[in-house]
A.B. asks: 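Pasting in a structure now, in structure tokens, and then I'll have a few things to ask.
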Number of protein chains: 2
Amino acid sequence: MAKLDFRPIADTTRRAEIVALLRRAILTGQLEPGQKLNELRISEQMRVSRAPLREAMRELVQEGILTSIPYAGTFVIDVTAKDIIDAYSFNKVLDEFAIELAWPQRDPRFFDELDRRHGAVKQATRAVDTTRQIETALQLHGLIYEWADNSVLLETWQRLTNRLQMYFALHQRARNEPVPAEDVHETYVALLKGADMRAAQRHAREHIDLDFEELLSYARGLEKRASKN
Amino acid sequence: MAKLDFRPIADTTRRAEIVALLRRAILTGQLEPGQKLNELRISEQMRVSRAPLREAMRELVQEGILTSIPYAGTFVIDVTAKDIIDAYSFNKVLDEFAIELAWPQRDPRFFDELDRRHGAVKQATRAVDTTRQIETALQLHGLIYEWADNSVLLETWQRLTNRLQMYFALHQRARNEPVPAEDVHETYVALLKGADMRAAQRHAREHIDLDFEELLSYARGLEKRASKN
DNA sequence: TATTGCTAGATTGTCGACAATCTGCTTGTC
DNA sequence: GACAAGCAGATTGTCGACAATCTAGCAATA
């Protein structure tokens with residue numbers, strides 16, 4: 001028999017679809033930080049009962065992008081400057097570890113996938129689709145985690161990615177102008193193809209620091225607005 | 001007015017209590033890896049309807065100690081040797097980072113708390129309460145994470161802790177004899193009080209490696225049993 | 001005026017029942 | 001006997017209604 005491995009078919013529960021819808025709405029910034037999610041209203045809009053909606057919301061609470069206060073409501077998490085700082089300094093450590101683990105695992109499939117994802121970023125950049133640009137950049141970045149072959153690390157990064165995507169999206173929306181068209185990932189990709197692991201780790205840190213500065217200025221703006229209330 | 005800060009009152013939803021009950025049952029090994037959770041049976045035992053139970057289970061799925069297959073059921077996660085290896089190598093990196101962040105934050109309250117938690121471990125050891133021994137040891141270990149002042153790091157460690165507690169509990173149950181009575185944390189505590197951060201980081205690695213060996217032998221046993229099916 | 005107690009409306013938490021899906025067994029066919 | 005079809009029971013997913021709780025506003029009181 002010809003070898004052909006099928007992937008598991010899609011989960012066809014309402015709950016799973018609701019999770020995807022809500023997550024997307026939050027990560028793209030359609031639902032703003034601190035905003036309350038009214039169960040009745042959302043369930044009516046989605047033509048769904050409150051039970052699967054509530055279960056979906058519990059999942060997203062544990063995923064770290066919603067927060068729930070009993071009998072008061074469920075809210076999109078607030079974003080503070082410190083949250084962003086914490087996420088980024090943590091991401092540095094994770095990146096270093098991921099590169100270390102993934103390094104000896106690099107194979108032809110890795111390099112192919114690297115180019116493919118890099119291409120996706122460039123395409124989104126050309127199309128000036130900022131949301132997709134963020135998504136694809138994070139997917140490119142996630143490759144080393146997938147190749148690191150450490151389930152806990154991968155899981156942790158996926159959680160972190162959610163937050164990062166949200167932060168970037170908020171930042172983009174706030175400054176209201178397209179992202180730089182130049183390709184900031186060229187060096188990163190080249191280093192991952194090279195032979196110097198330390199150099200790749202070093203660049204990952206610096207590369208991150210770049211966007212970090214921009215995000216921080218956005219976060220500081222948030223802080224100011226919050227202190228006015 | 002005298003300054004007196006109250007803590008938020010306890011969540012008093014059924015859901016929260018169910019989460020606590022189930023989590024405890026899983027982490028202590030009362031619910032075994034791979035075991036299926038029958039919603040109707042559990043809800044009857046707890047005298048609760050299935051709605052809050054299901055919501056609680058969704059939370060635990062996202063917490064990483066349950067796994068859910070649509071229309072098939074929700075199960076306690078399986079434990080493989082690789083899971084344990086992954087968790088431990090990840091824990092090493094996290095520990096190193098946590099010590100680095102917590103180091104300059106050490107203050108009198110830190111040292112007090114360090115002694116208090118160390119005392120709790122010793123007490124549980126004397127009482128030969130293995131479950132509590134695991135709990136307190138992890139709490140002792142968690143101190144550096146609480147002092148690191150990085151929300152993402154802390155959150156990640158709390159997730160990891162769940163797994164570690166489960167692994168240790170399974171290991172204890174399997175070998176069916178009390179844990180060594182000697183105090184393996186003495187050096188760790190002393191180093192955290194000292195002035196040499198690198199030494200503390202180094203010891204954290206080695207200290208972990210000790211218990212790791214034991215856990216691994218247990219995990220390998222699991223692997224064998226699994227391959228027989 | 002400031003504070004307390006109360007009420008009405010809205011919202012979340014929980015329940016019991018029904019619908020959709022899976023699993024194992026039985027039946028029928030070759 | 002091997003195998004597919006189909007049925008019955010059990011279990012999960014979803015629904016609509018009710019109970020518990022919160023919030024805002026108003027009245028009462030000092």
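Everything numeric in this text was worked out from a predicted model, so none of it was measured. The sequence lines fix the lettering, A, B, ..., with proteins before strands; numbering per chain opens at 1.
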A.B. asks: Which pairs with one or both residues in residues 150-169 of chain B pass ring pair (Phe, Tyr, Trp, His ring centres under 6.0 Å), sequence neighbours excluded?
C.D. replies: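 For residues 150-169 of chain B: B:Tyr145-B:Trp157.
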A.B. asks: Any carboxylate oxygen within less than 4.0 angstrom of a Lys/Arg side-chain nitrogen, looking at B:Glu155 and A:Arg163?
C.D. replies: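 Salt bridge present between B:Glu155 and A:Arg163.
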A.B. asks: If you apply the rule side-chain hydrogen bond (donor to acceptor under 3.5 Å, both in side chains), what do you find for B:Thr125 with B:Gln133, and how did you get there?
C.D. replies: CA-CA 6 Å; B:Thr125 304; B:Gln133 201 171 357; 3.2 Å; yes
A.B. asks: If the condition is side chain to side chain contact (heavy atoms under 4.5 Å, CB included), which residues does A:Arg116 pass it with, not counting sequence neighbours?
C.D. replies: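 Listed in chain order: A:Glu113.
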A.B. asks: Tabulated below should be each protein N or O lying under 3.5 Å from an N or O of nucleotides 12-14 of chain D; please produce it.
C.D. replies:
residue : atom : partner : partner atom : Å
D:dT12  : OP1  : B:Leu37 : O            : 3.4
D:dT12  : OP2  : B:Glu39 : N            : 3.4
D:dT12  : O3'  : B:Tyr71 : N            : 3.4
D:dG13  : OP1  : B:Tyr71 : N            : 3.3
D:dG13  : OP2  : B:Arg54 : NH1          : 2.5
D:dG13  : OP2  : B:Arg54 : NH2          : 3.1
D:dG13  : OP2  : B:Arg58 : NH2          : 3.4
D:dG13  : N7   : B:Arg50 : NH2          : 2.8
D:dG13  : O6   : B:Arg50 : NH1          : 3.0
D:dT14  : OP1  : A:Arg14 : N            : 2.4
D:dT14  : O3'  : A:Arg14 : NE           : 3.1

A.B. asks: Looking only at the side chains, is there a donor atom on one of A:Asn162 and A:Glu63 sitting less than 3.5 Å from an acceptor on the other?
C.D. replies: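 A:Glu63 and A:Asn162 do have a side-chain donor-acceptor pair below 3.5 Å.
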